[in-house]
Every structure is written in structure tokens, then in C-alpha cells.
**Q** 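Below are the C-alpha cells for one structure; questions will follow.
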Amino acid sequence: MSEITYVRGDATAPSVKGVKVIAHVCNDIGGWGKGFVLALSKRWPEPEAAYRAWHRHRAGNDFGLGAVQLVQVEPYVWVANMVGQRGIRTGSKGVPVRYEAIGTALGRLADEVIELGASVHMPRIGCGLAGGKWSRVSPLITERLVSRGIAVTVYDHGEGGG
């Protein structure tokens with residue numbers, strides 16, 4: 001079985017050939033404006049607009065922890081908005097990351113990615129503002145994506161790594 005590939009660079013600009021899905025974790029309260037989403041919004045307006053509409057119309061759709069929304073931004077590039085954190089602040093219930101929701105979202109993402117024949121590109125999801133630990137997230141990626149033959153590249157931005 002292959003493994004996750006780690007590179008230094010920008011997850012919004014994968015340099016491999018073929019169809020690519022850029023996956024990232026969103027919160028469940030409709031907030032978009034800090035962390036990796038800023039890099040996405042700088043490059044394409046569609047993921048933010050789609051996420052905000054998805055949240056706004058949540059009474060009639062699947063928006064919630066573990067849900068995935070795929071947004072096409074270029075002919076061979078999609079962005080996967082994965083709802084994997086409850087709220088945005090660390091409080092009495094701990095950090096916002098929800099590992100179970102990330103696992104569920106990755107499982108749903110795998111089906112879509114296989115259908116598209118795509119590779120997956122991401123920052124260290126759930127480990128920035130969501131406060132998660134990579135030692136808990138990376139096994140979920142291996143189990144839900146890599147074990148199904150999906151090529152996954154994780155990007156560490158700038159100096160010193162994630």
C-alpha cells in the first residue's frame with residue numbers, strides 16, 4: 001500500500017497531472033475567513049460562495065459534521081469543503097476539531113475522488129485553527145483514502161513545517 005506524500009509548497013497549486021481535488025476542513029457554523037480558506041478564496045471565489053450558500057440553506061440539505069461539498073474551480077481542479085470542526089473556538093468542550101466527522105467526510109470524499117479519477121491535495125487538515133493533532137488525522141487519511149488506492153499529497157507551507 002502506498003503512503004501519504006509530504007511536500008513543501010502551496011496546497012492550492014498542485015503541480016501533478018490529471019484531475020485534482022483540494023481538500024480542507026470547514027466549521028459547522030458558516031464561518032469562512034481564517035486559515036487555509038483565505039488562500040483558497042484568493043485563488044477562486046467559488047468554494048467560499050458555495051460553502052456560504054450550503055450553510056445558508058442547511059435546513060434543506062446535508063450540511064453538518066461529516067458532510068462534503070465538491071466545488072469545481074477549473075476544468076481539472078475541484079475543492080472539497082469538508083465539515084470537520086464544531087464551531088471555531090477552543091472552549092470547555094476542547095478544541096473545535098471533530099476527528100469522527102473528518103473520518104466520515106474523508107470516506108465520502110473517497111467515493112467522489114474515485115469516480116473523478118482524481119488525486120487529493122491538502123494542508124494538514126484539522127490541525128491549524130481547528131486545533132487537531134496530525135497523529136490522529138493522518139491515520140484517518142490513510143484508512144479512508146490511501147487504502148483505497150487514492151494518491152494523497154499533504155503540503156507544508158513555508159518554513160519549518162506544519
**Q** In chain order, what residues pass the salt bridge (Lys or Arg N to Asp or Glu O under 4.0 Å) check against R52, with sequence neighbours excluded?
**A** E48
**Q** In the single-linkage hydrophobic clustering (I, L, V, M, F, W, Y; side-chain heavy atoms under 4.5 Å), do L65 and V68 co-cluster?
**A** no
**Q** Under the side-chain hydrogen bond (donor to acceptor under 3.5 Å, both in side chains) rule, collect the residues that match up with N27, sequence neighbours excluded.
**A** Y51
**Q** Is there a path from V37 to V25 through hydrophobic residues (I, L, V, M, F, W, Y) whose side chains come within less than 4.5 Å of each other?
**A**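 Cluster IDs for V37 and V25 differ.
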**Q** List for me each residue that meets salt bridge (Lys or Arg N to Asp or Glu O under 4.0 Å) alongside R86, sequence neighbours excluded, and say none if there are none.
**A**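 If we apply the salt bridge (Lys or Arg N to Asp or Glu O under 4.0 Å) test to R86, skipping adjacent residues, the hits are D28.
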**Q** Which heavy atom of L70 sits nearest a heavy atom of A80, and at what distance?
**A**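 Nearest pair, atom of L70 first, then A80: CD2-CB, 3.7 Å.
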**Q** Do any pairs count as a side-chain hydrogen bond (donor to acceptor under 3.5 Å, both in side chains) and have a residue in residues 12-21, sequence neighbours left out, and if so which ones?
**A** D10-T12, T12-R43
**Q** Could you tell me whether the side chain of S41 reaches within less than 4.5 Å of the side chain of W44, counting heavy atoms only?
**A**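 No - every pair of side-chain heavy atoms lies 4.5 Å or more apart.
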**Q** Do V71 and N81 have side chains that approach each other closer than 4.5 Å (heavy atoms only, starting at C-beta)?
**A**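 In contact.
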**Q** For W78, give me all partners under ring pair (Phe, Tyr, Trp, His ring centres under 6.0 Å), at least two apart in sequence or on another chain.
**A**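 Result, ring pair (Phe, Tyr, Trp, His ring centres under 6.0 Å) vs W78: none returned.
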**Q** According to a 4.5 Å side-chain heavy-atom criterion applied to Ile, Leu, Val, Met, Phe, Trp and Tyr, with indirect links allowed, do L116 and I22 form part of one hydrophobic cluster?
**A**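 L116 and I22: separate clusters.
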**Q** Tell me if the CD atom of E100 is crowded by more than 12 foreign heavy atoms within 6.0 Å.
**A** no
**Q** G107 and R144: which non-hydrogen atoms are nearest, and at how many Å?
**A** N-CB, 3.9 Å
**Q** At their closest point, which heavy atom of G87 faces which heavy atom of P96, and how far apart are they?
**A**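 Scanning both residues completely, I find the closest heavy atoms to be O-CB, 3.7 Å.
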**Q** Taking the side chain as every heavy atom from C-beta outward, state whether T5 and V154 have any atom pair closer than 4.5 Å.
**A**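 The answer is no, as the side chains (C-beta and beyond) never meet within the 4.5 Å cut-off.
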**Q** For N61, what residues pass the side-chain hydrogen bond (donor to acceptor under 3.5 Å, both in side chains) criterion, not counting sequence neighbours?
**A** none
**Q** For V95 and A130, which heavy atoms make the closest approach, and how far apart are they?
**A** CB-O, 3.5 Å
**Q** Taking the hydrophobic residues Ile, Leu, Val, Met, Phe, Trp and Tyr, and joining any pair whose side-chain heavy atoms are under 4.5 Å apart, which ones share a cluster with I88?
**A**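 Reading the cluster by chain and number, I88 sits alongside I29.
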**Q** Do I4 and S138 come close enough that some side-chain heavy atom pair is under 4.5 Å?
**A** yes
**Q** Quick one: sort the W32 and H24 rings into parallel, tilted or perpendicular, breaks at 30° and 60°.
**A**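 If you compare the ring of W32 with that of H24, the planes turn out perpendicular.
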**Q** So, using salt bridge (Lys or Arg N to Asp or Glu O under 4.0 Å) as the criterion, who are the partners of D62 when residues are at least two apart?
**A**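 Partners of D62 by the salt bridge (Lys or Arg N to Asp or Glu O under 4.0 Å) criterion come out as none, since no residue qualifies.
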**Q** I'd like to know if the side chain of Q69 reaches the main chain of W54, judged simply by a donor and an acceptor atom lying under 3.5 Å from each other, with no hydrogens or angles considered.
**A**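 Answer holds: no.
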**Q** Hey, what do you get for CD1 (I141) to CE (M122), rounding to the nearest 0.5 Å?
**A**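 Rounded to the nearest 0.5 Å, the CD1-CE separation comes to 4.5 Å.
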**Q** If I take atom CD from residue Q85 and atom CD1 from residue I125, how far apart are they, to the nearest 0.5 angstrom?
**A**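 Separation between the atoms: 11.0 Å.
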**Q** Shared ILVMFWY cluster between I114 and V16, side chains joined below 4.5 angstrom?
**A**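 Looking at the clustering, V16 is in a separate group from I114.
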**Q** Would a single hydrophobic cluster contain both L140 and I150, if residues Ile, Leu, Val, Met, Phe, Trp and Tyr are joined by side-chain heavy-atom contacts under 4.5 Å?
**A** yes
**Q** Starting at CG of L106, measure out to OG1 of T142 and round the result to the nearest 0.5 Å.
**A**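 Reported to 0.5 Å precision, the distance equals 10.0 Å.
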**Q** Could you work out, with salt bridge (Lys or Arg N to Asp or Glu O under 4.0 Å) as the rule, every residue matching R108, not counting sequence neighbours?
**A**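 Checked R108 against salt bridge (Lys or Arg N to Asp or Glu O under 4.0 Å); zero matches.
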**Q** Does the side chain of P14 reach to within under 4.5 Å of the side chain of T153, using non-hydrogen atoms?
**A** no
**Q** Going by the rule ring pair (Phe, Tyr, Trp, His ring centres under 6.0 Å), which residues pair with Y155 if we only count those two or more places apart in sequence or in a different chain?
**A**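 In terms of ring pair (Phe, Tyr, Trp, His ring centres under 6.0 Å), with neighbours along the sequence ignored, Y155 is linked to H121.
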**Q** First locate atom CZ of R98, then atom CD1 of I102, and finally report the distance between them rounded to the nearest 0.5 Å.
**A** 10.0 Å
**Q** In chain order, what residues pass the side-chain hydrogen bond (donor to acceptor under 3.5 Å, both in side chains) check against R58, with sequence neighbours excluded?
**A** H55
**Q** How far apart are the closest heavy atoms of G84 and A101, and which atoms are they?
**A** CA-CB, 4.0 Å
**Q** With sequence neighbours left out, what residues match Y6 under side-chain hydrogen bond (donor to acceptor under 3.5 Å, both in side chains)?
**A** W134
**Q** Taking all non-hydrogen atoms of both residues, which atom of L129 and which atom of G35 are closest, and how far apart?
**A**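 Closest approach of L129 to G35: CD1-N, 3.5 Å.
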